[in-house]
There are 2 protein chains.
Amino acid sequence: MARKTGSHSNITGPRIREVALSLFAQQGFAAVSMRKIASEVGVQAGALYLYTPDKQTLLFDLMQSHMDELLAAFDIVEIAGSARARLEQFARFHIGFHMERPDAVFVAYMELRNLEPANFTKIEELRRQYESLLENIVKAGQVEGIFDVPDSKLATMALIAMLTGVNTWYREGGRMSRAEVEDVYAQMALKAVGA
Amino acid sequence: MARKTGSHSNITGPRIREVALSLFAQQGFAAVSMRKIASEVGVQAGALYLYTPDKQTLLFDLMQSHMDELLAAFDIVEIAGSARARLEQFARFHIGFHMERPDAVFVAYMELRNLEPANFTKIEELRRQYESLLENIVKAGQVEGIFDVPDSKLATMALIAMLTGVNTWYREGGRMSRAEVEDVYAQMALKAVGA
DNA sequence: GTCTATAAGATGATAGAC
DNA sequence: GTCTATCATCTTATAGAC
């Protein structure tokens, strides 16, 4: 029962974030106490405050990291080319990225309402940036005359919702492989805008 | 400050449900205390227990009512006809119904994880019933040979996610009218399945 | 039907020992 | 770096007065 005193800062920090993300996704930010997180990590509640100033900041850091990763990852794989090719690539990227980290995606969306106003504003700005990447593709397709969408903003929101929705049902090791799911969603996305 | 004792059972009951739904949607089930609900309603916390045995049942009743209403409402408007016509009608119904009650939709989806196992099972069953209404239309379109979808289950989930997503951005009195939004989503849904 | 008072326990965060 | 102990407050739910 008793736990040895010792130095684990390089392990405990990441573990706290990992455990917190998982618990926030499963039970919700407000339903998870600092004691629950600490217990799962294997430390006492007081020790958490060596790694985060408070619970709110812990949530905000998790959400900000997720959004930063998302933007950085797309930045690396983004391609030039026709709007059609770019949309297909965005759909495949989005699906793949979201399938790989369901907890982070869930928390980043569901816990927005638990952010303090200043933190909310920052996360919303990152989200807006990401959405505008897709909207630019949709607009390019309109300009090229190959997409049939009456409103680029609405089409963007519809596409993102459709693609993100994969996380409500996809489970690793299920009936379909990740690649199959990516294929089907990418085709539906292209058809939805009339490409 | 002091509040008169009096008889308000026919007003207080619905008010509690109304206030609870709104607060749960804004702040989340776990973040909303019985005292907050009572305070907003204008009664003391103890009085809530005349209308619900406990907080969990209050949540469950709100979610169950929503799902029952959803199924009953579709039952009334459901049409016969081609898969194309039925899908367009489903899309318009779904969009309209969801736009009218964003709080209930949000709670019914976001607070699933706060339901006790037995309650979760019941709500999931109602959700499954609703999804199967759409899947039947998708399958009919496959049989008729007018829909191009490799997997009816995946297409169903993608369509529902796309349509429900309207609630992430639509606000009454915004740039587009409800009818315009319905039109555009219905057309995107049809195109997404290749109709 | 509603109130006040209360039980029994959980919560976020801090101080100081080691 | 972590623990134990603690503060002040909040939590759900109930009992009994009116």
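So you know, we letter chains A, B, ... as the sequences are listed, proteins then strands, and number each from 1. Atoms considered below: every heavy atom in the structure, side chains included; atoms not considered: hydrogens, waters and symmetry mates.
- Here dG1(D) is the nucleotide among dT11(C), dT2(C), dG1(D) with the atom lying nearest to any side-chain atom of L50(A).
- Scanning residues 53-62 of chain B for heavy-atom distances under 4.0 Å to DNA chain C yields an empty list.
- Checking S65(B) against D68(B) by side-chain atom types alone, no donor-acceptor pair falls below 3.5 Å.
- For the pair S33(A) and dA10(C), the criterion of a side-chain N or O lying under 4.0 Å from OP1 or OP2 is not met.
- The distance between atom OH of Y51(A) and atom P of dA13(C), rounded to the nearest whole Å, is 17 Å.
- Atoms CG (L48(B)) and C1' (dT2(C)) sit 11 Å apart, rounded to a whole Å.
- One atom, CG of N114(A), and another, C1' of dG12(C), lie 15 Å apart when rounded to the nearest Å.
- Within the 6.0 Å centre-distance limit, the rings of H94(B) and Y130(B) are counted as a close aromatic pair.
- Between the Q142(A) side chain and the V149(A) main chain, a donor and an acceptor come within less than 3.5 Å of each other.
- Using a 4.0 Å cut-off between charged nitrogen and carboxylate oxygen, R84(B) and E144(B) do not count as a salt-bridge pair.
- Using a 4.5 Å cut-off on side-chain heavy atoms (C-beta onward), I160(A) and T168(B) make no contact.
- Between the CD1 atom of I16(B) and the P atom of dA13(D) there is a distance of 14 Å, rounded to whole Å.
- Toward the 5' end of DNA chain C, the nearer of the two residues F29(A) and Q44(B), judged by each one's closest nucleotide, is Q44(B).
- The NZ atom of K36(B) sits 14 Å away from the C1' atom of dT9(D) (whole-angstrom rounding).
- Classification of R128(A) and E125(A) as a salt-bridged pair holds, one side-chain N sitting under 4.0 Å from a carboxylate O.
- Residue A47(B) has its side chain nearest to dC3(C) when only dG12(C), dC3(C), dT2(D) are considered.
- Taking atom CE of residue M34(A) and atom P of nucleotide dC10(D), one finds them 18 Å apart after rounding to whole Å.
- Nearest nucleotide to the side chain of Y49(A), out of dT2(C), dT2(D), dA13(C): dA13(C).
- The ring of F74(B) has its center closer than 6.0 angstrom to the ring center of F90(B).
- Residue T12(A) has a polar side-chain atom (N or O) positioned under 4.0 Å from OP1 or OP2 of dT2(D).
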